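All figures in this text were calculated on a predicted structure; none of them were measured in a lab.
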Amino acid sequence: MTFEWSAIIEALPALLRGAAVTIMVAAASLLAGMILGTIIGVIRTYAPKYISLIAQVYIGLIRGTPMVVQIMFIYFALPSLLDIKLTALTAGMIALTVNSSAYLAEIVRGGFLAVPHGLREAGLAMGLPLHRVLLYIIGPVAFRRMVPALGNQFIIGLKDTSLLIVIGVAELTRTGQEIMTENYRAVEIWAAVGAIYLVIISIMAIIFRVIEKRIQMT
């Protein structure tokens, strides 16, 4: 069997469109997941025990079930329960947001717990309310400690977009599958899909490495 570069060249425009969808879905979902995860992480760290327990149950539920099950539940079961309609793209983004928020919440909690307790006490002693202490004193220090873990989780989140193939979202993996079923060039198409993922993830890794180095210099 010969490797046909022409098959990759012909498929490249469609694959790049799929890659654009992958990047868009990952960026929007991880941003929303970071916001939600930060809120949950702060609740886990500083809220009263009965409220923190709710956040802990949420994290345990999400981390304890496969992401594919979460995607299928949100796309097929949730609309029936709530009597709503969800497109595959919307359902996929919700699933990615919910899933990433649970893991990011634990990263945020770990970052805050790693900050010396004295900083919080000093901020409160200055008369600042807790939310300002968290935002202006503890937050920046915690963020520096979180960057490596955040970079790793963001890369995992981008790769997890490939799971949306199960509900037909036209991201990179789904696009590759559709092209392969038309031209039967499995080796060339999946090699191209893998190469595109590798390029995107390598760029993400470089960006986070630069951020980490700049933070260390400040």
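- If you take CD1 on Ile137 and CG on Leu128, they are separated by 5.0 Å, rounding to the nearest 0.5 Å.
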- Query: Hey, mind stepping through Ile196 and Leu172 against side-chain contact (heavy atoms from CB on, under 4.5 Å) and telling me if it holds?
  - Reply: CA-CA 9 Å; Ile196 293 172; Leu172 179 56; 3.6 Å; yes

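- Side chain of Thr90 to backbone of Leu86: no donor-acceptor contact under 3.5 angstrom is found.
- Smallest separation of non-hydrogen atoms from Ala102 and Arg63: CB-CG, 4.0 Å.
- Expressed to the nearest 0.5 Å, how far OG of Ser80 lies from CG of Leu78 amounts to 8.5 Å.
- Atoms CD1 and CG, from Ile71 and Asn99 in turn, are 8.0 Å apart once rounded to the nearest 0.5 Å.
- Residues Leu53 and Leu36 do not share a hydrophobic cluster, defined by chaining ILVMFWY side chains whose heavy atoms lie under 4.5 Å apart.
- Contact of the Ser29 side chain with the Met93 side chain is registered, since non-hydrogen atoms from C-beta on lie closer than 4.5 Å.
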Checking side-chain contact (heavy atoms from CB on, under 4.5 Å) for the pair Ile59/Tyr103: CA distance, chi angles, key distance, verdict?
CA-CA 7 Å; Ile59 293 171; Tyr103 290 91; over 6 Å; no

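- Gln70 contributes no side-chain N or O that, together with a main-chain N or O of Phe73, makes up a donor-acceptor pair within less than 3.5 Å.
- When every heavy atom of Arg174 is checked against every heavy atom of Ile165, the shortest pair comes out as NH1-O, 3.6 Å.
- Using a 4.5 Å cut-off between side-chain heavy atoms of Ile, Leu, Val, Met, Phe, Trp and Tyr, with links allowed through other members, Met67 and Val25 fall into the same hydrophobic cluster.
- For the 3.5 Å distance criterion, the side chains of Thr173 and Tyr197 qualify, holding a donor opposite an acceptor.
- Thr22 OG1 to Ile200 CD1: the interatomic distance, rounded to the nearest 0.5 Å, is 6.5 Å.
- A distance-only check finds a donor-acceptor pair linking the side chain of Glu188 to the backbone of Glu4 [under 3.5 Å].
- Contact check for Tyr58 versus Val98: side-chain heavy atoms found under the 4.5 Å cut-off.
- Pairing each heavy atom of Met34 with each of Thr38, the nearest pair is O-OG1, 2.7 Å.
- More than 12 heavy atoms of other residues, nucleotides or ligands shown are found within 6.0 angstrom of CZ on Phe76.
- Cluster membership for Ile40 and Val108, using ILVMFWY side-chain heavy atoms within less than 4.5 angstrom, is not shared.
- When every heavy atom of Phe154 is checked against every heavy atom of Leu30, the shortest pair comes out as O-CD1, 3.6 Å.
- Note on Arg109 versus Glu106: salt bridge recorded, some NZ/NE/NH1/NH2 to OD/OE distance being below 4.0 Å.
- With a 4.5 Å cut-off on side-chain heavy atoms, Tyr75 and Ile94 do not count as touching.
- Considering all non-hydrogen atoms of both residues, Ile167 and Met72 come closest at CG2-SD, 4.2 Å.
- Side-chain contact between Ser202 and Leu198: present, with at least one pair of heavy atoms (C-beta onward) separated by less than 4.5 Å.
- Hydrophobic clustering (ILVMFWY, side-chain heavy atoms < 4.5 Å, transitive): Val57 and Ile62 are in distinct clusters.
- Here CE of Met146 is found 9.0 Å from CD1 of Ile107. Values are rounded to the nearest 0.5 Å.
- Side chains of Tyr46 and Ile51 form no contact here, defined as non-hydrogen atoms less than 4.5 Å apart.
- When side chains are defined from C-beta on, Phe143 counts as touching Ile215, because their heavy atoms get closer than 4.5 Å.
- Checking side-chain atoms of Ser100 against main-chain N and O of Thr97 turns up a donor-acceptor pair under 3.5 Å.
- The shortest heavy-atom contact between Ile179 and Ala14 is CD1-CB, 3.8 Å.
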Evaluate Arg17 against Thr175 for side-chain contact (heavy atoms from CB on, under 4.5 Å), listing each step before the verdict. CA-CA 8 Å; Arg17 286 193 295 270; Thr175 302; over 6 Å; no

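- A distance of 8.5 Å separates CD1 of Ile155 from CG of Leu158, quoted to the nearest 0.5 Å.
- Distance alone, capped at 3.5 Å, is enough to place a donor-acceptor pair between the Ser52 side chain and the Arg44 backbone.
- Hydrophobic clustering, with ILVMFWY side chains joined whenever heavy atoms are under 4.5 angstrom apart, keeps Ile156 apart from Leu104.
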